[in-house]
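Below, all heavy atoms of this structure are taken into account, side chains as well, without hydrogens, waters or symmetry copies. Lettering of chains follows the sequences in order, A, B, ..., and the numbering in each one begins at 1.
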Amino acid sequence: LESCECECDGTSFYKTKEECEEAAIICLDKELSYMPEPGYVEYLDKSNNLPHFRFRAVQWLIKSRSRLNLSFGTFFNAANYLDRFISMHQFHEWKYWMVELVSVACLSIASKFNDTSSPSLHEIQMEELDYSFQSSTIRRMELTLLQSLGWRLGCITTYSYVELLLTNFDSFEFHLHNELTTLV
Amino acid sequence: MKKVKDCCYKVVKKTNGSVSCLNILGSEQMEKVKDWNYKVVEKIGQGVFGEVYKCLNLETGKKVAIKMINIQNEPEGVPSYLIAGVSLLKELEHDNIVRLLDVLTSGRYVYLVFEYLDLDLGSFIRKHTATSIRPHIKTILSQILVGLAYYHSHNILHGDLQPSNVLIDLKSKKVKLADFGLTTSFGVPHIEYSYNEVGSPYKAPESRIRSSVYSTPHDVWAVGCIFAEMVSGNPLFPCGKKDHLSLIVRYLEDMINNLFICYWQDLAEQLLGLGLEPPGVELLSQMLYLDPDLRVTANGALLHRYLRHAEDIRIAETVPLKLPSSNKPSFSQKVSEGRF
């Protein structure tokens with residue numbers, strides 16, 4: 001929740017313990033609707049190259065996030081889009097260039113959705129890619145990806161929970177302290 | 001008539017010999033919607049981000065508004081305002097907000113399919129007299145506020161509230177908010193409201209002093225203006241003739257307050273004379289509070305005694321839903337930068 005930090009100047013966003021718990025429940029609830037299609041893990045296990053392709057793509061996403069100085073949320077969102085998209089096209093004969101093109105589109109979209117300013121398509125492709133794609137190709141891929149994801153981009157990822165815990169650390173500590181003192 | 005053709009107009013000769021002109025600009029791309037079972041009825045608006053057409057869903061027979069956005073000349077792929085905007089719209093679901101029904105893409109075009117209602121509050125006000133509109137004011141006002149509270153609970157600013165963006169369904173007695181950036185110029189006569197130099201007459205004074213400041217009190221101010229307009233039948237701060245506020249806000253804040261108090265007293269008397277109940281005047285004064293920090297919130301306004309007996313108040317639906325994902329700094333920043 002960088003948002004909370006921004007808007008509340010670093011103080012905790014959720015004022016009460018109940019509010020915080022409620023937020024966590026909503027997160028758990030919403031998370032399910034942003035999962036890859038069923039049978040995704042089995043599909044990855046069965047296919048020869050895809051786990052390797054995916055590993056490389058995720059690695060590229062991690063490196064690009066730090067190179068382009070994007071938020072962590074952007075990386076987690078991009079990885080979520082990548083998994084969801086691949087899981088929707090399970091009968092596809094995946095080639096590495098395809099996975100690479102999808103990852104470029106995923107990072108571009110995640111950044112445009114998440115970050116205040118996003119890198120250009122040229123900057124995104126600057127390092128560690130086997131292939132280079134034209135802007136028009138990436139734009140078409142972006143549209144296909146958005147359509148496949150139903151334009152549902154505000155996904156709940158592992159990082160959402162980390163953020164939830166981190167930004168509310170102060171109030172957690174406060175509540176914990178309170179509860180402990182009442183016990184004593 | 002030849003000249004007309006050059007300007008992308010098609011000359012249509014009717015059977016009775018009369019000649020009419022049809023704007024065919026953009027219609028070629030709109031042909032595509034036929035594939036999705038929509039029939040184009042007419043073009044109803046042209047916004048910064050694209051054209052809006054009134055269409056008919058041939059399967060359900062329902063009217064929709066389709067906004068067509070060309071992304072051909074975007075060097076950086078799908079623009080971020082579209083990505084952030086559409087994904088947010090997708091998450092919104094409320095009775096008092098126009099629904100984004102579908103997002104379709106074809107080639108370099110994105111088509112946003114919105115729910116459509118024929119009547120807007122601007123026309124509704126013009127059709128009524130001060131007495132005939134009175135029984136509707138509370139219901140309309142409370143529904144606008146419920147819709148707005150829902151936006152605000154999702155950290156979304158409407159940004160362009162005005163009577164033409166408030167749509168009315170007479171049958172179901174529902175009021176729905178349209179627009180907010182993506183749906184700019186939602187097929188309604190904007191003529192009397194679009195004064196680019198001075199901004200919309202529904203803009204809060206603080207936005208005229210520091211144009212970058214943009215937040216929720218801004219929207220409440222606009223609702224206050226709409227409220228007064230329903231009572232009096234005329235825009236509260238008409239831009240055309242004499243823009244009271246633009247003049248006023250140039251001076252120091254003390255001056256503003258003094259002048260505004262005088263202005264406010266006149267206005268309050270006037271509205272009371274028009275039959276607005278004293279609690280209504282009180283609520284209006286809270287909505288038009290000059291200091292945005294002290295201005296009433298949409299939820300606060302809903303709890304005001306003036307609206308206590310209004311129908312269709314569903315405050316329960318507007319319980320703030322504080323979610324990490326619906327709470328983006330980037331988005332609000334984009335809004336304040338005018339990118340959305």
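For the atom pair OG of S80(B) and CG of N114(A), the computed distance is 12.0 Å after rounding to the nearest 0.5 Å. To the nearest 0.5 Å, atoms CH2 (W151(A)) and CD1 (I83(B)) are separated by 6.5 Å. A distance of 11.0 Å separates CG of L143(A) from CZ of R108(B), quoted to the nearest 0.5 Å.
Contacts between residues 134-142 of chain A and chain B, counted as heavy-atom pairs separated by less than 4.5 Å, involve S135(A), R139(A), E142(A). Interface with chain B: from residues 56-70 of chain A, no residue qualifies, criterion being any non-hydrogen pair under 4.5 Å.
Without hydrogens or angle criteria, E76(B) side chain to L121(A) main chain gives a donor-acceptor distance under 3.5 Å. Counting only distance, with no hydrogens or angles, the side chain of K112(A) and the backbone of L82(B) share no donor-acceptor pair below 3.5 Å.
Your options are V78(B), T105(B), D102(B), and the one with the most heavy-atom pairs under 4.5 Å with chain A is V78(B).
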